[in-house]
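All figures in this text were calculated on a predicted structure; none of them were measured in a lab. Computation of the quantities below employed the complete heavy-atom set of this structure, encompassing side-chain atoms and omitting hydrogens, waters and symmetry-equivalent molecules. Letters go in sequence order (proteins before strands), and every chain restarts at 1.
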Amino acid sequence: MKIGFSAAQEQFRNEVATWLAEQLSGPYADLRGVSSHTAMVERRRVWEAELGRARLSSVGWPVEWGGRGASLAEQVIFAEEYARAKAPSRLNHLGVELLAPTLLSYGTEAQKTRFLEPIVMGKEIWCQGYSEPNAGSDLANVATRARLESGPNGDEWVIDGQKIWTSLAAFADWIFVLCRTEEGSRGNRGLSYLLVPMHQAGVTVRPIREMTGHAEFNETFFTGARTAAANIVGAPGEGWKVAMATLAFERGVSTLAQQMDFTNEFEALVKAAQANGQATDPLIRQRIAEASIGLSVMRYSALRMLTNAESGALSHEAFTYRLYWGVWRKKLGELAMDVLGPSGEYAHGDSPLAHDLQHMFLFSRSDTIYGGTSQIQRNQIAERALGLPKEPRGN
Amino acid sequence: MKIGFSAAQEQFRNEVATWLAEQLSGPYADLRGVSSHTAMVERRRVWEAELGRARLSSVGWPVEWGGRGASLAEQVIFAEEYARAKAPSRLNHLGVELLAPTLLSYGTEAQKTRFLEPIVMGKEIWCQGYSEPNAGSDLANVATRARLESGPNGDEWVIDGQKIWTSLAAFADWIFVLCRTEEGSRGNRGLSYLLVPMHQAGVTVRPIREMTGHAEFNETFFTGARTAAANIVGAPGEGWKVAMATLAFERGVSTLAQQMDFTNEFEALVKAAQANGQATDPLIRQRIAEASIGLSVMRYSALRMLTNAESGALSHEAFTYRLYWGVWRKKLGELAMDVLGPSGEYAHGDSPLAHDLQHMFLFSRSDTIYGGTSQIQRNQIAERALGLPKEPRGN
Amino acid sequence: MQFAFTDEQQMIRESARAFLEAEASLPAVRLASGAVNGYDEGLWQQMTAELGWSGIAIPEAYGGAGLGFVELGILAHEQGRRLVPSPFFSTVCLATPVILELAREEQKRQWLPAIAAGQLKAAVAVTDRVGHADIRKVGVKLAQVGSAWVLSGEAHFVVGAQSADLLLVVASAKDANASQSLRVVAVASGTAGVRIEATEMLDVTRPMASIYFEQVSVSAEDCLGVDIDASSGLQRALDQARTMLAAEAVGGAEYSLEAVTAYVKERVQFGRAIGSFQAIKHRLADTMVLVEAAKSMAWYAACAADEYANEALAVAASSAKSCCADAFNAVASNAIQLHGGIGFTWDHHAHLYFKRARASSMLLGSPAWHRERIALGLGLSQIASVPQF
Amino acid sequence: MQFAFTDEQQMIRESARAFLEAEASLPAVRLASGAVNGYDEGLWQQMTAELGWSGIAIPEAYGGAGLGFVELGILAHEQGRRLVPSPFFSTVCLATPVILELAREEQKRQWLPAIAAGQLKAAVAVTDRVGHADIRKVGVKLAQVGSAWVLSGEAHFVVGAQSADLLLVVASAKDANASQSLRVVAVASGTAGVRIEATEMLDVTRPMASIYFEQVSVSAEDCLGVDIDASSGLQRALDQARTMLAAEAVGGAEYSLEAVTAYVKERVQFGRAIGSFQAIKHRLADTMVLVEAAKSMAWYAACAADEYANEALAVAASSAKSCCADAFNAVASNAIQLHGGIGFTWDHHAHLYFKRARASSMLLGSPAWHRERIALGLGLSQIASVPQF
């Protein structure tokens with residue numbers, strides 16, 4: 001057990017940092033600090049491609065798929081430097097971090113060949129079609145249907161239904177969709193995992209305005225949407241297993257990138273507190289210290305989790321991680337508002353820094369909801385990690 | 001709505017305060033500040049009788065039963081002055097506050113005549129026999145049995161079983177016992193509410209040492225214990241209804257006396273904080289202020305509750321009160337220890353004040369357990385006050 | 001001692017609730033918040049001219065109903081349930097107590113009957129740019145220049161300033177002898193040199209503005225009272241207003257809890273109403289504990305606003321303000337969580353309550369500021385470092 | 001960067017756990033805490049002379065195994081699971097780092113091999129009567145009187161003082177030129193003028209004592225090091241000891257959680273295992289979140305104790321100390337609650353953990369004190385009012 005990095009690793013850090021600094025002070029200076037899901041989409045597609053060419057899109061991937069086969073330590077370093085450089089948030093994170101590993105585990109060779117390169121090179125942006133209005137916490141209640149039909153383009157899946165909370169759907173090229181392919185099936189049986197092109201008449205996207213005032217999520221409607229019969233991952237009816245595997249990848253190295261964003265938010269908060277004198281308030285100081293402890297907790301919990309994941313085990317800290325950060329960030333949001341004081345109540349803050357912190361505060365209210373509410377997380381921990389009895393379903 | 005007292009009420013306050021001051025600086029000076037359940041029992045029996053003679057044992061009771069028929073405001077005043085005078089905690093509070101009102105509602109005339117006067121005059125001390133090792137939160141699971149037998153003394157109930165957490169049992173004269181009188185009955189059916197003399201061979205009391213180091217609770221064993229057939233409150237098999245009514249009286253004016261004890265504890269804590277400089281720590285000040293707010297919350301919640309109870313309704317605040325104070329006092333205990341700092345870790349404190357605060361801290365750990373855990377309280381609130389679905393029983 | 005509503009108070013509550021349920025639905029509230037000055041003038045006229053709400057706590061001698069803060073609190077509470085945007089808080093709960101505490105008789109005769117009749121709207125400008133809750137840190141100065149007086153500086157977070165006819169400006173005054181005092185100066189909103197800038201707030205249901213005073217000439221007669229430092233009277237009036245914010249917060253908390261309780265009884269996941277899950281039940285139970293505690297505090301403090309002397313009122317008002325603000329924040333936060341994704345959307349009501357809760361908790365002193373004030377009131381010796389707001 | 005135990009570390013953990021499960025059952029721990037000096041000398045000899053635990057982090061040159069704080073932390077963690085009373089913390093986790101940081105070469109040669117062999121027990125006297133966590137507030141003075149040095153004053157909350165052969169006394173020194181420094185003085189426990197008074201503590205598993213120094217004559221050679229201020233080295237050693245307290249707390253928290261989890265699976269009420277109630281499940285889930293967070297922090301800090309320079313170590317140690325103490329307190333408190341009445345009794349283990357958790361959290365700085373230290377470490381400018389302990 002050792003937390004320091006080797007000289008070779010520090011050398012890698014240096015290389016990454018230099019490349020990022022060059023890009024973000026040079027040709028991509030306009031993208032520095034861009035963090036919203038929805039801003040500067042076309043420019044960020046170009047940036048994704050730039051990362052791909054430098055083999056920095058997914059450093060941990062095998063070399064044959066466009067990565068560098070980087071060690072865990074190197075992936076940590078990349079995530080740190082990426083955030084430190086204030087590089088733009090990854091437009092294609094759902095493709096890079098969720099779909100691609102799923103394909104690497106469950107996809108056919110043809111699927112890998114077809115889809116991985118456009119992901120790593122930033123050519124095709126992906127979004128995720130899981131939740132539905134009546135399948136939120138109870139994801140297995142999915143009602144979106146797909147049936148196989150023959151037609152002029154060969155066999156195709158035809159999809160009808162509605163997904164919700166589909167972030168990035170407004171400009172994504174593809175979506176991975178969990179849908180019911182066995183008529184009359186219930187719960188987690190009879191579901192399939194389909195890859196569906198977004199740019200077709202059968203797919204409609206409607207933005208959802210959130211309490212932040214922005215619309216970072218969407219509703220996505222499928223009305224006779226089509227995709228080739230081959231665009232199914234895993235066997236028909238095995239979609240639940242594949243979808244759960246995808247969710248498990250949320251605990252992957254991407255978590256390190258997210259942490260560095262948290263670190264940036266924390267540092268912005270400290271800066272605001274120093275600027276308006278709140279940093280001398282003993283109550284605020286305690287909470288800043290507590291938030292700082294949380295950053296370390298997340299960092300070292302993630303490292304434990306990733307190390308253990310390498311050995312294939314889903315260990316205790318992996319169950320608790322999601323709940324921890326959701327609760328942590330919500331508290332950070334509240335602290336930010338208490339630091340700002342009354343002027344934090346201006347609709348757009350009274351400075352860009354205040355505006356960002358306020359947005360973080362508002363957005364953080366969803367951190368304990370999306371991707372499984374805290375209540376669902378606690379069930380998981382209690383039942384799967386502590387071995388307590390399962391919650392019974394109703395009728 | 002008005003919080004001030006009238007001139008006549010202030011006059012009553014004056015009378016009570018004067019009487020208490022005379023007694024507690026004169027003949028009963030030795031009892032001033034005695035608060036443990038188990039200290040100076042014989043002297044406190046005398047004190048109970050003194051209160052009875054002055055018609056101050058239960059000022060709210062009807063005049064014919066030894067009270068003064070005092071209004072709610074006067075009862076508030078009495079509770080305040082009793083605590084302010086640091087009069088000893090009431091030895092017979094279970095008799096005065098729980099059993100007597102139960103008898104007034106459910107007892108026969110003969111029972112009232114037999115039992116009320118010894119209670120109000122402090123001649124017979126009572127304790128409560130509800131909980132059992134396997135009937136804690138699930139009180140309806142009572143297993144102590146009683147059967148009616150004929151014998152030389154006429155018909156008698158013969159009782160076998162075990163009760164636990166029976167405070168005061170070590171010196172009580174009588175116990176009210178919830179027991180199963182219908183062979184083979186389950187749950188809250190087939191239970192009866194019996195009045196049983198403690199001083200008999202069939203009753204054995206074993207103290208339970210608590211984490212405080214003291215033994216304020218007991219186990220009480222019944223092995224062929226006997227009581228007259230007439231000593232049943234309500235009909236056989238209706239014990240659950242009577243027992244629940246008794247519990248409802250826990251929300252009575254006695255709560256005001258308890259609050260004044262809390263106020264004394266709070267003031268001791270403030271004194272300790274001023275003595276050791278912790279009162280200048282902004283973090284401690286916040287928590288002291290929060291505790292002080294809680295005192296007001298309890299006072300005015302109790303007044304709402306008592307006012308509403310007069311009109312017969314069990315209103316919302318009555319459901320929440322028990323949970324509120326349990327949580328509040330536990331926090332007060334933690335605050336007390338943080339005020340004391342390292343010297344609070346000495347086994348008996350480093351002063352009598354510190355010792356009392358430390359004991360309060362330790363004892364308060366049971367405040368969210370006894371008389372219905374906080375978990376049970378939350379069920380009650382959710383199901384009875386908010387109308388949410390009931391928790392299902394197992395098998 | 002009678003800690004329950006009288007029959008008359010009960011009636012006021014019931015009729016106010018019935019009126020607002022009919023006239024101030026949540027969509028209407030949203031609409032009003034987008035209107036000029038952020039409220040519905042028609043509704044305001046009904047509330048005042050027809051129902052007499054603005055005069056409820058004004059003495060009969062000045063055209064009011066002569067009742068007190070408990071009755072006023074009932075109205076604040078009912079409006080809090082609906083988040084009704086209106087000049088009620090600024091004019092009736094804040095400016096009116098300031099006038100009653102500090103104004104000269106002829107000022108009272110000039111303003112109070114007009115307020116009672118719904119013909120005058122007022123606002124109190126007391127907070128500086130940072131938002132300090134301490135009245136010694138006001139951002140407006142009143143200086144004697146020869147025999148004239150001049151007002152300059154800024155006030156921020158002024159509730160209801162856009163719609164106010166009359167501004168009551170709290171200023172630190174220095175007279176010709178350089179002696180310092182705190183004064184409240186009455187300024188008509190159209191006066192030259194007075195610039196009112198509406199500020200867009202997160203909480204759209206309570207409009208605020210910044211006011212800039214550029215060498216505004218006033219006369220000694222424009223001050224409330226005669227030659228006295230306003231600190232003590234102002235503090236009392238602010239404390240009275242705080243008790244009304246507490247009552248209003250309890251109303252919002254109560255409604256939030258009712259709405260989310262109804263939702264979890266309907267919403268089905270895993271084949272069950274989510275309200276049957278113990279985790280949800282217990283969370284709502286804890287929420288209800290907070291709401292009931294806040295109710296007790298709010299009504300206690302409303303009584304104190306009528307009955308207590310300044311120092312005791314200060315503790316009661318600070319206790320109620322912080323307790324009710326904390327409760328409302330917690331309830332509104334829980335309500336978003338238990339509504340799940342839908343509770344996070346713009347079109348749902350939950351965020352309106354959430355934002356109002358936070359905005360109210362920062363108005364006239366944060367919970368932490370009030371707790372420090374309570375500590376001081378308990379006799380804990382003054383310390384160096386206190387919360388700014 | 002390798003944030004996982006090596007195979008060797010894994011082996012140390014497993015063998016320590018197996019040993020303590022066999023030799024240090026909870027009844028045995030209770031028994032030991034009632035023994036002379038509050039621990040079981042036989043067990044201590046096994047842990048040291050046989051298993052070499054006391055030398056694990058002592059360099060090989062001084063008779064140790066030459067490993068580091070991660071390995072030492074593993075042993076502290078395992079003892080924390082069982083609340084084993086022993087001189088391990090005082091001698092191995094606290095006094096040994098002080099010696100390694102500050103002592104002269106000949107002092108190290110004199111003491112360290114003896115500690116490694118289990119033949120020398122030591123204690124560090126650093127805290128004053130109030131319990132200040134700030135080392136500038138020690139209660140012992142070292143004064144130069146002519147060419148002699150005299151130690152006087154008191155030290156309190158000295159862990160393991162009763163059983164210690166060697167006392168390392170932190171004293172504020174004033175030399176003949178009146179210049180001030182902090183020194184650590186080695187005093188044999190039987191020295192004339194040294195009075196050790198055992199203090200009865202709530203936590204019976206970690207004996208402490210007060211020590212009174214009445215004009216104790218010492219020589220300059222008794223000081224650790226040569227003529228240097230000990231502050232920096234002492235602070236480092238204390239921070240290393242804090243990381244070990246963190247590891248130990250995590251052990252206690254982990255065991256508490258395991259035990260209560262097992263209990264709720266067995267205990268039946270309402271015809272169901274109480275662990276099937278979602279309220280209990282979620283409470284234990286939240287508890288597990290705390291325990292896992294604390295684990296991450298404890299092992300991070302143990303690495304930092306080996307790898308980091310002083311300032312970074314200070315932040316890591318304070319973070320781990322406060323995080324793990326808070327977690328242990330919360331877990332132990334939940335454990336009592338979820339055990340119900342039985343968890344409140346003297347004979348149950350729950351209160352032993354609860355009391356240890358609190359006692360540990362007050363040792364060498366409370367969570368609040370450490371958080372303030374972190375704030376300072378983050379560059380937030382110094383403030384007037386900081387926690388005393």
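For the set B:Arg285, B:Gln274, B:Glu383, B:Lys2, the entry with the most heavy-atom pairs within less than 4.5 Å of chain C is B:Arg285. Per-residue counts of heavy-atom pairs under 4.5 Å with chain B were compared for C:Ala320, C:Ser319, C:Pro387; the largest is that of C:Ser319. Of the listed residues C:Cys303, C:Pro367, C:Ala375, C:Gly377, the one with more heavy-atom pairs under 4.5 angstrom with chain B than any other is C:Cys303. Of the listed residues (C:Val70, C:Asp306, C:Thr261, C:Asp286), the one with the most heavy-atom contacts under 4.5 Å to chain B is C:Asp286. Of the listed residues (C:Met288, C:Gln2, C:His282), the greatest number of heavy-atom pairs within a distance under 4.5 Å of chain B belongs to C:His282. Ranked by heavy-atom pairs shorter than 4.5 Å toward chain B, the options C:Val386, C:Val264, C:Leu376, C:Ile374 are led by C:Ile374. Interface check for chain C: of the options B:Gln380, B:Met298, B:Arg287, B:Gln375, the most heavy-atom pairs under 4.5 Å are formed by B:Gln375. The greatest number of non-hydrogen atom pairs below 4.5 Å with chain B, out of C:Leu290, C:Leu284, C:Thr6, is found for C:Leu284.
Contact of B:Gln9 with chain C is made through the side chain alone, with heavy-atom distances under 4.5 Å. With a 4.5 angstrom heavy-atom cutoff, B:Leu386 touches chain C via backbone and side-chain atoms both. With a 4.5 Å cut-off on non-hydrogen atoms, B:Val327 does not touch chain C at all. For a residue to count as touching a neighbouring chain, one of its non-hydrogen atoms must lie under 4.5 Å from one of that chain's; by this rule C:Tyr308 touches chain B with the side chain only. Of the two parts of B:Ser292, only the side chain, counted from C-beta on, holds a non-hydrogen atom closer than 4.5 Å to a non-hydrogen atom of chain C.
Side-chain contact annotation: C:Gln388 with C:Asp134, donor-acceptor N/O pair under 3.5 Å absent. For the residue pair C:Arg373/C:Ser318, the side-chain donor-acceptor check at 3.5 Å is satisfied. Side-chain polar atoms of B:Tyr321 and B:Thr255 form a donor-acceptor pair below 3.5 angstrom. Judged purely by distance below 3.5 Å, without hydrogens or angles, the side chains of C:Gln9 and C:Glu71 pair a donor atom with an acceptor atom.
When the heavy atoms of residues 321-329 of chain C are compared with those of chain B, the residues falling under 4.5 Å are C:Ser322, C:Cys323, C:Asp326, listed by number.
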Exercise for the section: Step by step, work out the side-chain hydrogen bond (donor to acceptor under 3.5 Å, both in side chains) result for C:Ser296 and B:Arg304. Expected result: CA-CA 7 Å; C:Ser296 299; B:Arg304 282 171 69 204; 2.9 Å; yes
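To the nearest 0.5 angstrom, B:Ile288 atom CD1 is 9.5 Å from B:Leu332 atom CG. Summarising the geometry, atom CD1 belonging to B:Ile3 is positioned 9.5 Å from atom CG belonging to B:Leu303; distances are rounded to the nearest 0.5 Å. Between the CD atom in B:Glu265 and the CE atom in B:Met260 there is a gap of 12.0 Å [rounded to 0.5 Å].
Evaluation of the salt bridge (charged side-chain N to carboxylate O under 4.0 Å, His left out) test over residues 377-389 of chain C, restricted to residues two or more places apart or in two chains, returns none.
C:Phe5 does not carry C:Arg13 over the face of its six-membered ring by the limits of under 6.0 Å from the centre and within 45° of the normal. Geometrically, B:Arg322 engages B:Tyr370 in a cation-pi contact, judged by NZ or CZ lying under 6.0 Å from the ring centre and within 45° of the ring axis.
Proximity of the aromatic rings of B:Phe262 and B:Trp325 is defined here by a centroid distance below 6.0 angstrom, and this criterion is met.
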